[in-house]
2 protein chains.
Amino acid sequence: MARTKREQAPEEKRNEIVAAARALLVQEGYDATSISRLAAAAGVAPNTIYWYFKDKDEVLIAVLDAELTASMSDYLQLQTTSRTERLLWVANQLAQVSRLVSTVHTRLEQSPAIHAWHERFHELSEGVLRAEFQQAGVAADRIEARVKISVFAIEGLLSHPLPEAEKRAICAALVGE
Amino acid sequence: MARTKREQAPEEKRNEIVAAARALLVQEGYDATSISRLAAAAGVAPNTIYWYFKDKDEVLIAVLDAELTASMSDYLQLQTTSRTERLLWVANQLAQVSRLVSTVHTRLEQSPAIHAWHERFHELSEGVLRAEFQQAGVAADRIEARVKISVFAIEGLLSHPLPEAEKRAICAALVGE
DNA sequence: ACCTGAACACCGTTCAAGT
DNA sequence: ACCTGAACACCGTTCAAGT
């Protein structure tokens, strides 16, 4: 096909791959999302994925970045409710992409790129929580442990789903309400 | 080789496979531990693994069972120190096999056998923690949330290693000391 | 610049055959 | 009962070739 006959901007094709990858990674997981399946879902040949991405982990990172951007902008429009409800909202948002979270933790050790993304994500999350605890008047020398415990508890809620009431009780215990 | 000429009891060979699997799974992880590598380490042909185990996940479960049995008997000889120190000990024990923990969480969704093992392990762990909180005089209606938060925090410490002092601060915050 | 068909070295698992 | 060689259908990735 001649170059002038393009029907699609190149980054649109890339976005299609990312969208297909998001759906597959969330619903089926990393291992079940083979490059062949992803290519079929995106309507390209398997090796075409490698024109747009260095390797499979870079596809994952593109999905994670898109997800993070969308979720952060949602969070910022939420400053109305109580701290408990805000934390519960975050837990429930992440629960919708829990397979993504679990995949990140598994591939941490094998992929330096995923490792770096994970570090960045935790710095961001802990910054937000630190600000919440400061605002709530928690003593300065107790904030760090409280921040870590909250992060760990949220992650725990992802891999071990609980009824809404129990989740809320845990969030309340975490923020001290 | 004639049957009477056996140099090795059959379960000894099985134990060798489990021992080799433990080392590989802890040091290299599930994906990196291919059946071929495991077979080479155990000194058998790859398909011989399938004589002793139904599939790769059953090898993992055999390793997990051996690990759990050994750790539980260690824990029971530990009833001397403070609650903080006991919790920290558990965290550090698990940290030595954190790759195993991470593997269990990843394979949960794909293997019903791993899922069942994981449920059993949590029931056991939560039972132990519940007893600790009761003994510490925590109000009955607050125990469940405290138990869950502690479990989640321990798991968090595994995937996000921290300096010993921070780990101890977190354990102290969890048990309320 | 963008995309592909064919190949490479793997993987977990199965099966028929040997002792 | 225990173990194997050879095969099966996959996998992520690369490469030379096409437009």
Side-chain angles (χ1 to χ4, degrees), chain A residues 1-21 24-25 28-63 103-104 106-114, chain B residues 1-21 24-25 28-63 103-104 106-114:
Chain A
M1 197 189 295
R3 260 212 266 161
T4 47
K5 225 185 145 211
R6 280 214 128 282
E7 288 152 24
Q8 222 172 14
E11 45 188 297
E12 233 176 287
K13 183 106 259 174
R14 201 193 127 104
N15 288 341
E16 272 172 37
I17 295 174
V18 173
L24 282 167
L25 288 170
E28 318 267 358
Y30 188 85
D31 286 344
T33 303
S34 71
I35 296 286
S36 318
R37 280 192 75 185
L38 172 54
V44 294
N47 45 1
T48 297
I49 307 290
Y50 292 89
W51 174 258
Y52 292 97
F53 303 94
K54 191 179 147 286
D55 56 24
K56 197 178 170 182
D57 285 309
E58 290 294 333
V59 180
L60 173 58
I61 285 175
V63 170
T103 299
V104 167
T106 305
R107 299 218 45 84
L108 261 183
E109 314 153 355
Q110 303 167 58
S111 158
I114 301 287
Chain B
M1 196 189 293
R3 262 211 268 161
T4 46
K5 222 185 150 211
R6 281 214 127 282
E7 287 151 25
Q8 223 173 12
E11 46 186 298
E12 233 176 288
K13 182 106 260 175
R14 200 193 128 103
N15 288 341
E16 273 173 37
I17 296 174
V18 173
L24 282 168
L25 287 171
E28 319 267 357
Y30 188 85
D31 285 345
T33 304
S34 72
I35 296 286
S36 317
R37 280 191 75 186
L38 172 55
V44 294
N47 45 2
T48 296
I49 306 290
Y50 292 90
W51 175 259
Y52 291 96
F53 302 94
K54 190 180 147 285
D55 56 25
K56 196 177 171 184
D57 285 308
E58 291 294 334
V59 180
L60 173 57
I61 286 175
V63 170
T103 298
V104 167
T106 304
R107 299 217 47 81
L108 260 186
E109 314 153 357
Q110 302 167 57
S111 159
I114 301 287

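In what follows, every chain begins at residue 1, and chains take the letters A, B, ... in the order their sequences are listed.
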Decide yes or no on side-chain contact (heavy atoms from CB on, under 4.5 Å) for B/Leu25 and B/Thr103, but give the supporting numbers first. CA-CA 9 Å; B/Leu25 287 171; B/Thr103 298; 5.6 Å; no

Rounding to 0.5 Å, atoms CG (B/Asp31) and CD (A/Glu109) come to a distance of 10.0 Å

Would a distance-only check, ignoring hydrogens and angles, find a side-chain to backbone donor-acceptor pair under 3.5 Å from B/Thr33 to B/Gly29? yes

I'd like to check the side-chain contact (heavy atoms from CB on, under 4.5 Å) partners of B/Phe53; sequence neighbours left out, ordered by chain and number. B/Arg14, B/Ile17, B/Val18, B/Ile49, B/Glu58, B/Val59, B/Ala62

Just to confirm, is there a sub-4.0 Å distance from OP1 or OP2 of D/dC2 to any side-chain nitrogen or oxygen of B/Trp51? yes

Across all strands, who's sitting opposite C/dT19 as a Watson-Crick or G-U wobble pair, both distances under 3.5 Å? D/dA1

Going from CG on B/Asp55 to CD1 on B/Ile61, what distance comes out if it is rounded to the nearest 0.5 angstrom? 8.0 Å

B/Glu12 CD to D/dA1 C1', straight-line distance once rounded to whole Å: 17 Å

Does either side chain, that of A/Tyr30 or that of A/Asp57, offer a donor lying less than 3.5 Å from an acceptor on the other one? yes

Report all interatomic pairs (protein N or O, nucleotide N or O of nucleotides 7-9 of chain D) with separations under 3.5 Å.
none

OH of A/Tyr52 to CD of A/Glu16: how many Å apart, nearest 0.5 Å? 9.0 Å

Nearest-angstrom distance from the residue atom CD1 of B/Ile49 to P of D/dC3: 10 Å

Check nucleotides 10-13 of chain D for protein N or O atoms closer than 3.5 Å to its own N or O atoms and list the pairs.
{"unit_1": "D/dC11", "atom_1": "OP1", "unit_2": "A/Ser34", "atom_2": "OG", "d": "3.1"}
{"unit_1": "D/dG12", "atom_1": "OP1", "unit_2": "A/Ile35", "atom_2": "N", "d": "3.4"}
{"unit_1": "D/dG12", "atom_1": "OP1", "unit_2": "A/Lys56", "atom_2": "NZ", "d": "2.9"}
{"unit_1": "D/dG12", "atom_1": "OP2", "unit_2": "A/Ile35", "atom_2": "N", "d": "2.8"}
{"unit_1": "D/dT13", "atom_1": "OP2", "unit_2": "A/Tyr50", "atom_2": "OH", "d": "2.6"}
{"unit_1": "D/dT13", "atom_1": "OP2", "unit_2": "A/Lys56", "atom_2": "N", "d": "3.1"}
{"unit_1": "D/dT13", "atom_1": "O5'", "unit_2": "A/Tyr50", "atom_2": "OH", "d": "3.2"}

Check whether any side-chain heavy atom of B/Leu38 sits under 4.5 Å from a side-chain heavy atom of B/Lys56, and report yes or no. no

By the Watson-Crick or G-U definition, both distances under 3.5 Å, D/dC10 is matched with none

When rounded to whole Å, the CZ to C1' distance for the pair B/Arg14 and D/dA1 reads 15 Å

